[in-house]
Amino acid sequence: MQMAKHFSVKDKEAIRLLFSPLAQRCYSHGGKQETDEEFDARWVNYFNKADIDAWELRKGMNTLIGYDLVPEPKILDAALRACRGLDDLASAIRILEAVKDKSGPHKDIYPYLIQELRPTLDELGISTPEDLGMDKL
Amino acid sequence: MVVRVLNLNQMLHLTAGRVGGLFSRRAVVGLTNSGARMSSHHEVSDQVDMSQPMYWDRLDTPLPDRAWIDVLDSKDKSLKQKEKGPWTALSKEEKIALYRLKFNHTYPEMKKPSHEWKTVIGGMFIFFGITGLVVFWQGHYVYPPQPHTFGEEWQAKQIQRMLDMRVNPIEGFSAKWDYKNKQWK
């Protein structure tokens, strides 16, 4: 990940390549490998369900966080909108905390995600943990 | 793939009941009864109803099965009503309050390092010390006297006998003895 330092955060395509959430589930025999786009589309679809309920939101997020990847902004956007549909601001903030934690030592990822999600955050009125001072102890 | 397993903390608490010391210091966050009877001050009850959804703070499970505080007073209820409207209308304090209703620890609070390692290392050394004392006492009071073959005189005679027998004369024992000058090489 040392390459990441040479790219500015604005260089979206390059960042995509580096941070693309590659779901590398290797089935030992046969089975097509799902592409990144298919994975993303599947998850966006999941959270975009019109009548998604609270259990499905929790299940989806917990499963997604269990994967060895940081979700793409579009997936998170769908998840945040699902929170809005369920009148659940706390979970929206929790999701942001969770993806920041998922980034681990790669400190560039979270600011990029927030940058990409900024329009949605502003539209829905979701404050980041940093805005609320909850990123400090 | 999130596997829902009881963490060690919870398992220990369930079997050990009220145990003082190291284990009970860990906040038994998840082991509170949900439902209307529970107050928002989460006391640890002896029996946890495992058939009810539980709360836990886990880094890999951002959204646990239930909210932290179930029983809402009127202030909380009105805040929850306000949450149904546009979130831009909420103040920072209200947003924080909503978060704290639903969750106990924030991620930084979950990840806060504890001082437990000092207890562990300290306890280790204490046990080493006790063991050392036991070993010393045992050496003094328990062990029988050493066999006579360990004595200085006997050992000297033994070595002389080995040299006379030319034990390992090429690479080993006697090879290191200078027979002409009667000393070790």
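In what follows, every chain begins at residue 1, and chains take the letters A, B, ... in the order their sequences are listed.
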> How are the rings of F103(B) and Y55(B) set to each other: parallel, tilted or perpendicular (split at 30° and 60°)?
Replying inline: tilted
> Between F39(A) and W43(A), what is the ring plane arrangement, given parallel below 30°, perpendicular above 60°, and tilted in between?
Replying inline: tilted
> For the candidates I93(A), D135(A), L132(A), which exhibits the highest count of non-hydrogen atom pairs separated by less than 4.5 Å from chain B?
Replying inline: L132(A)
> Is the backbone N or O of T128(A) less than 3.5 Å from a side-chain atom of D131(A), with the two atoms forming a donor-acceptor pair by type?
Replying inline: yes
> Do L76(A) and L124(A) sit in the same hydrophobic cluster, where Ile, Leu, Val, Met, Phe, Trp and Tyr count as joined when their side-chain heavy atoms come under 4.5 Å apart?
Replying inline: yes
>> If we define contacts as heavy-atom pairs under 4.5 Å, which of T106(B), L101(B), L98(B) has the most with chain A?
In response: T106(B)
> Counting heavy-atom pairs under 4.5 Å to chain A, which of K111(B), E109(B), E93(B), E83(B) comes out on top?
Replying inline: E83(B)
>> Quick check on salt bridge (Lys or Arg N to Asp or Glu O under 4.0 Å): which of K82(B), K80(B), K75(B) does E94(B) satisfy it with?
In response: K82(B)
>> With a 4.5 angstrom heavy-atom cut-off, is it the side chain or the backbone of L90(B) that approaches chain A, or both, or neither?
In response: side chain
> Is it the side chain or the backbone of D88(A) that comes within 4.5 Å of chain B heavy atoms, both, or neither?
Replying inline: both
> In terms of heavy-atom proximity below 4.5 Å to chain B, should L57(A) be classed as side chain, backbone, both, or neither?
Replying inline: both
